[in-house]
Amino acid sequence: MAPGIRLPRAFYARHTVTVARDLLGKLVVRRRDDGTVRAGRIVETEAYHGPADQASHAHRGPTARNAPMFGPAGVAYVYQIYGVWFCLNAVTGRDRFPAAVLVRAVAPPGGGGAAKDGAGPGRLCRLLGIDKRLSGVDLVTGEELWIADDGARVPRRAVAAGPRVNVGYAGAWAARPWRFWLEGDRSVSR
DNA sequence: CTATTGATTCTC
DNA sequence: AGAATCAATAGG
C-alpha cells in the first residue's frame with residue numbers, strides 16, 4: 001500500500017482551477033493487475049473548465065470519448081492523443097458540468113530515479129501503465145488508480161502559473177494562466 | 001524544425 | 001463512406 005491518505009470526493013468537487021493548483025505535490029497511485037504499486041508526485045497540471053473553454057474537449061459537447069468529463073467529480077478521464085500517447089485527467093467541479101484537470105507531469109517518488117520518466121502527460125502514463133481502460137474509473141473508490149496526500153507541503157512561492165501549452169487554437173482562452181507547476185522541478189515538462 | 005501515429009470527430 | 005484533427009514525443 002502506498003503512503004498517504006486518498007483524496008476524498010470533496011477535494012475534486014471544487015472549482016477546476018483550485019483543484020489544479022491543489023493537486024501539485026499529491027501522489028498519483030497506480031495498482032497494476034499483477035498487484036504491484038507505482039506512484040508519482042504531481043509537479044505540473046492544467047485546468048479545463050466548462051463548455052465555453054475552447055481548449056477543452058468538452059467545448060463541442062459530449063461525445064463517447066469525453067463522457068467522463070460530464071459526470072461527477074473524482075473520476076478519471078483518460079484519452080489517447082496522436083494515436084500513441086495517453087493523457088490522464090481528473091474530473092472536477094459539479095456533476096454534469098464538464099471540467100477536469102490534466103496531470104501533465106509527475107516526479108518519481110523519493111526524489112531519486114530518472115526525472116525524465118515522468119515529464120510530460122504521455123510519459124507519465126507510460127510510466128504508470130495508464131491507458132484508456134482506466135477512463136471512467138472512480139479515483140475515490142477504485143482499486144486501480146487514485147490520488148493520495150502524503151502530507152507533503154507545497155510552499156505558495158514554489159507554485160508557478162502560466163498559459164496552457166499546445167492549445168493555440170483556443171483563441172483568448174489559450175492565454176488564461178491555467179497551467180500550474182512546481183518551480184524548478186526537474187520533472188516539469190518543457 | 002519535421003515525422004510519426006491511429007483513435008476520435010467532422011463532413012459529406 | 002472518407003477526410004481532418006489532435007491536452008505529444010523523439011530525432012535531426
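Because the structure is predicted, anything quoted here is derived from the model rather than measured. Lettering of chains follows the sequences in order, A, B, ..., and the numbering in each one begins at 1.
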Counting only side-chain nitrogens and oxygens, does [X] get under 4.0 Å of the OP1 or OP2 atom of [N]?
X: A:Arg104; N: C:dA8; result: yes
X: A:Tyr169; N: C:dA7; result: yes
X: A:Arg123; N: C:dT9; result: no
X: A:Asn166; N: C:dA8; result: yes

Subject >> Residue among A:Asp22, A:Val101, A:Thr45 satisfying side chain to side chain contact (heavy atoms under 4.5 Å, CB included) with A:Phe180 >> reply: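 Among A:Asp22, A:Val101, A:Thr45, the one meeting side chain to side chain contact (heavy atoms under 4.5 Å, CB included) with A:Phe180 is A:Thr45.
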
- Query: What form does the base of C:dA7 take, syn (within 90° of 0) or anti?
  - Reply: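 Classified syn.
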
Interatomic distance where [atom1] belongs to [X] and [atom2] belongs to [N] [whole Å]:
X: A:Trp85; N: C:dA10; atom1: CH2; atom2: P; result: 5 Å
X: A:Leu124; N: C:dA7; atom1: CG; atom2: P; result: 17 Å
X: A:Tyr82; N: C:dA4; atom1: OH; atom2: C1'; result: 13 Å
X: A:Leu127; N: C:dT9; atom1: CG; atom2: C1'; result: 15 Å
X: A:Gln80; N: B:dT5; atom1: CD; atom2: P; result: 13 Å
X: A:Ile81; N: B:dT9; atom1: CD1; atom2: P; result: 11 Å
X: A:His57; N: B:dT9; atom1: NE2; atom2: P; result: 9 Å
X: A:Arg60; N: B:dT11; atom1: CZ; atom2: C1'; result: 12 Å

Electrostatic pair [X]:[Y] at N-O distance under 4.0 angstrom:
X: A:Asp53; Y: A:Arg164; value: yes
X: A:Arg32; Y: A:Asp34; value: no
X: A:Arg31; Y: A:Glu144; value: no
X: A:Arg41; Y: A:Asp185; value: no

What integer number of Å spans the [atom1] atoms of [N] and [M]?
N: B:dG6; M: C:dG12; atom1: C1'; value: 24 Å
N: C:dA10; M: B:dT8; atom1: P; value: 22 Å
N: B:dA7; M: C:dG11; atom1: C1'; value: 24 Å

**OP:** Can you sort out which residues in residues 131-139 of chain A have a heavy atom within less than 4.0 Å of DNA chain C? Ascending by number, please.
**Re:**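 Close to the strand, none.
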
Check your understanding: Has the side chain of A:Tyr79 got a donor or acceptor that lies under 3.5 Å from a partner of the other kind on the base of C:dA7?
Key ->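 When only heavy-atom distances are counted, A:Tyr79 does reach the base of C:dA7 through a donor-acceptor pair under 3.5 Å.
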
Next item on the list: Fit a plane to each ring of A:His57 and A:Tyr79, take the angle between them on a 0 to 90° scale, and name the class: parallel (under 30°), tilted (30 to 60°) or perpendicular (over 60°).
Entry: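 Perpendicular, since the angle between the ring planes exceeds 60°.
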
- Sort out the partner of B:dT9 for me: Watson-Crick or G-U wobble, both distances under 3.5 Å, none otherwise.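 Its partner is C:dA3 (Watson-Crick or G-U wobble, both distances under 3.5 Å).
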
Pairing partner (Watson-Crick or G-U wobble, both distances under 3.5 angstrom) of B:dA3 |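 Here B:dA3 is engaged in a pair, and the nucleotide opposite it is C:dT9.
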
#### Entry: Closest to the A:Thr63 side chain, choosing from C:dA7, B:dT5, B:dT9
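Ranking C:dA7, B:dT5, B:dT9 by closest atom to the A:Thr63 side chain puts B:dT9 first.
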
- Message: Students often get this wrong, so: under 4.0 angstrom with heavy atoms, is A:Ser56 touching a base, only sugar-phosphate, or nothing?
- Response: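 Contact class for A:Ser56: base.
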
Discussion item. For A:Phe11, does the six-membered ring have the charged nitrogen or CZ of A:Arg14 within the cation-pi criterion, i.e. under 6.0 angstrom from the centroid and within 45° of the normal?
Written reply: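 Cation-pi check for A:Arg14 and A:Phe11: passes.
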
| query | Tell me, do A:Ile130 and A:Leu145 make a side-chain contact under 4.5 Å, heavy atoms counted? | reply |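 A:Ile130 reaches A:Leu145 side chain to side chain.
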
